Amino acid sequence: MNLPQSMHELGRLLRYARPYWLVLLAAVVLMALAGLCHAMIALLIRPIFDRVLDPVGSTAPVLLTTIPVFNHPLYLHQIIPFPLQDVWKLVAVGISMVFLLKGLSDYCGNYLVNYAGFSAVTDLRQKIFERVVAQDAFFFESNTTGRLMSSIMNDIDKIQLATSHMLADWMRQTFSALGLLWVVLQMDWKLALVSLTVLPFVFVPTVRIGRKLRRATRRAQDDTADLNQILQETLSGHQVVKSFGAEKLEAARFRKASHRLRSSNLKYVAQQALASPMIEFFGALTIVGLLTYARRQIAAGQLTTGEFTSFVIALLMLYEPVKRLTGIHNIFQQALGASQKVFEYLDRDQLVKDKPGAPAAPVFHSEVEIRNVSFRYPSSETFVLSDVSFPVRAGEMVALVGPSGAGKSTLANLIPRFYDATTGTIVIDGTDVRDVRIDSLRAQIGMVAQDTFLFNDTVANNIRYGRPDSTDEEVRTAATHALADEFIGRMPDGYATVIGERGTKLSGGQRQRIAIARALLKNAPILIMDEATSHLDTESEMLVQRALSNLIAGRTVIVIAHRLSTVRRADKIVVLEQGRVVEVGTHEELVRAGGVYQRLHELQYLEADAFVNSDVE
Ligand code: ATP
């Protein structure tokens, strides 16, 4: 990343702080005050040596410094709001007050900077989350869950650290450095300039280190994302891991990724830890040079011990903020490295999106037409659907059948625009689905997938997922029609029972009936269903079938059929093979025709139904 690009990214990050500019301004003022107090401490050293520790210290007013520009002397008694004659008492009260003021302004400034930083980063995280959830299916195919989670949490944590904690420290150290710089310059500007000639030796390598750190951060972020991915997969697929006895294999995979992360982190630390000793080394060289000079000056009576000690202490105090500032610079580099990925997500253009000013879809009433649809996944060269056309009239039930990989699910996914057809169109009541707002299109379509996804929430909230404003009564009615009310009633807290991650506390049939209740409550006119292929036990199977009948009644249904009973009931069967429509007709017509369907019927449906029937016996 070059300088203009990193400035651009810094600018983008700062834009998130804009709503909090007043808070930031107050923080800057308080931090400036804290920095000034820090510099004052160096000034108070001189009277300690020259007036307090020296037995011949006079009672004359203690001159702290001369304020440049105004050329106005500043005496210690002027900053203490009550009279004190004794120099020691004056210095003691001065030190206490300066520390008190420094502490107070530091505390308040620090809190305010953190307030602005945390708020800005919370806004950024929210924006990224909203952007990510709104992405199309292609996005989720090319970005794994682990990577996304790592970005939304870890990358943003890095930015958070830089923009809240580090920003506070950066302000504090900058103001301290400026204050102390002023102190050393006005004490002895020639000596100060000579002492500061070492600074370029500090800054140039720091900038170089910063660049390397940014790259190291990116690598560490990638490795963290990989580790997250393994963690996420192993935890959510824990049953598969156990059933294949793959615990050791997974542990080895985790160890390998963990070690990669360790080595990336160590590379980072090796770079980052260079800055501090480098600054200390150059600092020590300066002090040695100064001491040689001071010995001569003090011997010649041109410098008092107090003046010299005060100068050296101010200089040493100045090294501290410089050292801290380089550390902070490194953390900022880390944040810039992390923000690269975050901005990539923010900038990604969606492949499936609303046309500008697209109207809402009118309520469905007549026909869904698949018109000359061909489709190819962007990641592959081959078309999985070729010139598919057929109508689905309102109130009809159309079954999609065909061998595995024929393109049935892909076709079903085109209707709610999870993907857009590569060529051809899907038309609902005469309007291309791409010409209406996606949310209004999806509001008309209910979906029941093979694998029901349930959230770790109460049964009631899972059912009302598509219609959060529905009443308890409506939820109960939907559950009753989905034949779920009875088993929900037997659960420990009824509808308020939390059903575990992905609904693991429920049986397969119960999960399906909750999904059916959810679709019933959504009450969409078009229903897309992928019949479950897994065999439930007979009673559960029967209940699911009855619940589905309730769901189907009065709707327009497109079903990816796996059961003889379903295909028999369908008004029309569309047979797909290698992405093409090879046969269309009713069950009887297609069996009589003796083609692909007839073969499938013998192989697939008769076998599957025989299995179910053998269970009944
Ligand atoms: P099944 O009955 O086994 O579920 P299907 O008829 O529903 O199969 P699809 O899932 O639509 O078939 O898949 C059709 C083809 O598209 C397959 O060859 C599959 O490998 C490919 N495919 C599916 N999803 C993707 C994807 N996200 N990216 C690339 N290719 C895909």
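Bear in mind the structure is a predicted one, so any value in this text is a computation, not a measurement. Order of listing sets the numbers, starting from 1, for every ligand and every atom in it.
Heavy atoms of Thr410 found under 4.0 angstrom from ligand 1 belong to the backbone as well as the side chain. When heavy-atom distances to ligand 1 are checked against a 4.0 Å cut-off, Ser409 comes that close through both its backbone and its side chain.
Of the possible polar contacts, one joining the Arg555 side chain to the Ala524 backbone as a donor-acceptor pair under 3.5 Å is found. At distances below 3.5 Å, not a single donor-acceptor pair connects side-chain atoms of Ser386 with backbone N or O atoms of Arg580.
In this structure, Arg348 is not positioned above the aromatic face of Phe139 in the sense of NZ or CZ being under 6.0 Å from the six-membered ring centre and within 45° of the axis.
Aromatic ring pairs are classed by plane angle as parallel below 30°, tilted from 30° to 60° and perpendicular above 60°; the pair Phe453 and Phe455 is perpendicular. Between Phe138 and Phe375, the ring-plane angle classifies as parallel under the 30° and 60° cut-offs.
Closest to atom 12 (O) of ligand 1, if we only count protein heavy atoms, is Gly407 N, 3.3 Å. Protein heavy atom at the shortest distance from atom 15 (C) of ligand 1 is Val384 CG1, 3.5 Å.
Residue contact annotation: Ser379 has a non-hydrogen atom under 4.0 Å from ligand 1.
Ion pairing between Asp432 and Arg371 fails under the 4.0 Å rule for side-chain N and carboxylate O. Glu474 and Arg467 are joined by a salt bridge, as a carboxylate oxygen and a charged side-chain nitrogen come within less than 4.0 angstrom of each other.
Residue Lys408 has at least one nitrogen or oxygen atom sitting less than 3.5 Å from a nitrogen or oxygen atom of ligand 1, judged on distance alone.
Counting heavy atoms only, Tyr377 comes closest to atom 31 (C) of ligand 1 of the residues Tyr377, Phe140, Phe383. Distances from atom 8 (O) of ligand 1 to the heavy atoms of Ser142, Pro378, Gly405 put Gly405 nearest.
Counting the atoms of ligand 1 from 1 in the order shown, those under 4.0 Å from a heavy atom of Ser404 are 1 (P), 2 (O), 3 (O), 8 (O).
For atom 20 (O) of ligand 1, no protein heavy-atom neighbour is found at a distance under 4.0 Å.
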